[in-house]
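Remarks on the structure that follows.
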Amino acid sequence: MDISLDIYSPVQQLQNQLFVDKGLQVYIKRDDLIHPIISGNKWRKLKYTLQEAERQGKHHLITFGGAYSNHLMATAAAAAKFGFKATGFMRGEEVSNDTLFMCRLHGMELIFTDRESYRDKQALFKKHFGDDNDAFFIDEGGASNEGAQGVAELIDELPETYDHIFCACGTGTTAAGIVSGLTNHKLPTIFNGVPVLKGGDFLRKDIDRMLTKSAEYKLHTDYHFGGYGKTTPELVDFIKTFITETGILIDPVYTGKMLYALYDLVAKSHFARGSKILVIHTGGVWGLLGMKERFEF
Ligand SMILES: *Cc1c(COP(=O)(O)O)cnc(C)c1O
């Protein structure tokens, strides 16, 4: 089976009076359009991982996630598309929501585990699938060197060179992939990561571990809005306005925080006039469905 997708991810310019006033050109790379469910960075992170499973002759993907995990949903859909079985370990008590509906719809089996045992993923894998030669371990969020290798290909697709690239960070795998891609192409572009978790500086060691070669990059750690999955009325308002003005869906967990950070830094004149900035839309728009009640109309 050929494990690949045709990548459709155009770069579009974002129009806004603020950017005109600050003398900036801002573009968005639409990785959210790659696939409706295997969206954005999740496909890029899975590509070589699935190819490696296939190479080892393993056809049962075992992975991990929280109740709103885009990675779990993407893995379920990718497994269905490319002929794998899939099992997802879920952190926490048995619940049902839109994400898990999508997982089950694509045939993923879910195992709910308490938070304590969820911490040791290798142990969970061993306990349940230790003697199953068909089982293939994929870490939470698709975090791995293969994941970063897949993301690095995003840089091959860029139509021009930018001064800055912005991207939301969870595990940091996507960040590591982009930074490695920039290094491979010897580009002067500065990578700006926006951690969506509180205390995002811890990400540096995770990112550095996945880099092909050490490199400089920036992390803007003040845009977590209280932590992973947390939001504020200010962020919700920003997201409503952005969607209304651009027609591009963004979510409160990842891309909403990243774009908020960008607009805030632009307003604070963080970038030199004449700069070209590219933001990566890493997908995950279904995250909106888990936060509907935060939007008041
Ligand atoms: C998972 C996800 C991320 C985080 O990617 P990492 O590689 O884990 O840093 C960013 N944006 C979206 C939309 C995601 O779903």
Side-chain angles (χ1 to χ4, degrees), residues 9 28-49 63-78 88 98-99 102-103 138-154 165-181 191-197 200-211 217 219-221 223-225 227-229 231 235 239 242-243 248-262 279-291:
S9 173
I28 185 164
K29 184 164 169 59
R30 300 291 306 277
D31 266 14
D32 56 314
L33 300 179
I34 290 176
H35 186 280
I37 309 295
I38 318 169
S39 99
N41 62 346
K42 296 302 182 280
W43 165 248
R44 296 190 187 275
K45 290 199 279 186
L46 282 170
K47 179 179 161 187
Y48 289 111
T49 305
T63 195
F64 307 82
Y68 292 98
S69 167
N70 294 328
H71 162 73
L72 221 53
M73 195 162 91
T75 305
D98 297 311
T99 303
M102 279 295 179
C103 290
I138 303 176
D139 209 346
E140 182 174 36
S144 62
N145 292 333
E146 289 79 19
Q149 184 196 349
V151 173
E153 294 178 352
L154 178 159
I165 289 185
F166 267 76
C167 181
C169 303
T171 65
T173 310
T174 304
I178 292 173
V179 173
S180 294
F191 177 79
N192 295 260
V194 180
V196 302
L197 290 91
D201 273 319
F202 75 87
L203 268 185
R204 254 179 209 284
K205 69 172 189 339
D206 296 339
I207 294 174
D208 288 347
R209 202 184 318 121
M210 290 184 273
L211 292 181
Y217 55 88
L219 293 180
H220 303 279
T221 54
Y223 297 97
H224 54 75
F225 293 87
Y228 184 77
T231 182
L235 179 62
I239 289 170
F242 182 88
I243 295 175
I248 299 172
L249 286 174
I250 57 173
D251 77 286
V253 183
Y254 293 105
T255 51
K257 291 181 180 178
M258 180 273 295
L259 280 157
Y260 186 104
L262 171 75
V279 305
I280 310 297
H281 193 318
T282 40
V285 298
W286 302 118
L288 276 165
L289 296 179
M291 296 226 180

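The chain is numbered in sequence order, starting from 1. Values below: every heavy atom of this structure, side chains too, minus hydrogens, waters and symmetry copies. Since we're looking at a predicted model, the values are computed, not measured. Ligands are counted one by one from 1 in listed order, and the atoms in each one are counted from 1 as well.
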Original post:
What distance do Gln149 atom CD and Lys45 atom NZ have between them, rounded to the nearest 0.5 Å?
Top reply: 14.5 Å
**OP:** Go through the structure and list residues passing salt bridge (Lys or Arg N to Asp or Glu O under 4.0 Å) with Arg209, not counting sequence neighbours.
**Re:** Asp206
Show me, pair by pair, the donor-acceptor contacts under 3.5 angstrom made by side chains of residues 280-289, not counting sequence neighbours?
| residue | atom | partner | partner atom | Å |
| --- | --- | --- | --- | --- |
| His281 | ND1 | Gly283 | N | 3.0 |
| His281 | NE2 | Leu249 | O | 2.6 |
| Trp286 | NE1 | Pro36 | O | 2.8 |

**OP:** Identify, with sequence neighbours excluded, every residue that meets side chain to side chain donor-acceptor pair (under 3.5 Å) alongside Asn41.
**Re:** Thr174
Original post:
Any sub-3.5 Å donor-acceptor pair from Lys257's side-chain atoms to Tyr223's backbone N or O?
Top reply: no
**OP:** Kindly tell me which protein residues have any non-hydrogen atom under 4.0 angstrom away from an atom of ligand 1, grouped by chain and ordered by number?
**Re:** Asn41, Lys42, Lys45, Asn70, Ala168, Cys169, Gly170, Thr171, Gly172, Thr173, Thr174, Tyr254, Thr282, Gly283, Gly284
Original post:
Rounded to the nearest 0.5 Å, how far apart are CZ of Phe166 and CG of Asn192?
Top reply: 3.5 Å
